[in-house]
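See structure below.
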Amino acid sequence: MRHDAEISIQESKGMNGIYPCLECGRDTSHSVQSIVNSNHFEGLAQFWDHYLTVRCNGCGTVSFCHVSKCSEEEDYDERGQPILVQHKTHYPGFPETWQSQIEHFVEVSRIQELESFQPNRPLDTARLTQMLAELNRSYESHSFLSCIFLIRAILDHVPPIFGLGSFAEIANNYAGGGKSFRESMQHLGNSSRKIADSYLHTRIRPKESLPTKTQVEFRADIDVLVGEVIRILRAKP
Ligand SMILES: [Zn+2]
């Protein structure tokens with residue numbers, strides 16, 4: 001901040017905005033904790049700087065944002081009104097390799113292939129596709145309760161694709177995927193069901209436990225399941 005600038009502290013109570021959260025790994029809703037404003041002139045040009053402290057409403061992580069504007073740098077909004085160009089810098093910022101670091105629960109290409117199947121097939125994959133997409137979003141935002149509920153729902157949803165009535169039948173009787181497929185499905189069925197049941201059908205207690213990332217780590221098994229679903233659907237156009 002320059003010594004010849006006019007500095008003021010702005011009331012920020014109740015202010016919210018979307019800012020990047022490194023901990024959550026995406027843009028999230030933040031509450032604004034404090035704003036310090038500064039403005040100064042250089043010749044006829046006026047410069048404004050806003051220094052914000054923001055706190056993620058999801059995980060509580062505090063980060064900082066610097067917004068700057070200059071009276072000489074104009075642009076036009078969608079109605080053709082002149083507006084000042086805002087430059088935003090966030091600290092700490094996302095690393096450049098951030099996008100490639102995002103861990104998906106389900107490969108995006110798998111979801112895209114499921115989406116490409118026509119809706120007028122004997123079985124409509126719209127809900128399965130949506131559940132897988134929501135599973136990815138929940139995993140990325142560390143919403144592990146949602147992950148475990150969705151995994152459970154997916155297992156209950158897919159048996160008709162295999163021509164069977166329950167997931168236990170897929171794990172024990174489905175021959176199309178071979179022995180390793182059945183082993184993977186038995187692990188998925190037994191472990192995820194136990195974990196899901198412990199979170200789904202339990203009344204509130206004096207002391208509660210929360211699922212961890214490790215507890216929802218069924219990525220490999222879900223990938224095997226979705227891969228087989230796609231193989232079956234490809235074979236039955
Ligand atoms: Zn966060």
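All values below come from the heavy atoms of this structure, side chains included, with hydrogens, waters and symmetry mates left out. Numbering of ligands and ligand atoms starts at 1, following listing order.
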- [ ] Keeping to residues at least two apart or across chains, list the salt bridge (charged side-chain N to carboxylate O under 4.0 Å, His left out) pairs with something in residues 43-66.
- [x] none

TODO: Could you tell me if the ring centre of Phe64 sits under 6.0 Å from that of Tyr51?
DONE: no

Task: salt bridge (charged side-chain N to carboxylate O under 4.0 Å, His left out) between Arg137 and Glu140, worked out - done: CA-CA 5 Å; Arg137 287 202 289 275; Glu140 284 156 23; over 6 Å; no

Open item on the list: Does anything in residues 115-136 form a ring-ring contact (aromatic ring centres under 6.0 Å, His included)? List the pairs, not counting sequence neighbours.
Closed with: none

Report, one line per pair, each donor and acceptor closer than 3.5 Å where one atom sits in a side chain of residues 157-165; sequence neighbours left out.
none

Open item on the list: What protein N/O/S atoms are there under 2.8 Å from the Zn ion (ligand 1), waters excluded?
Closed with: Cys21 SG, Cys24 SG, Cys56 SG, Cys59 SG

Open item on the list: Salt bridge or not between Arg205 and Glu208? Use side-chain N to carboxylate O under 4.0 Å.
Closed with: yes

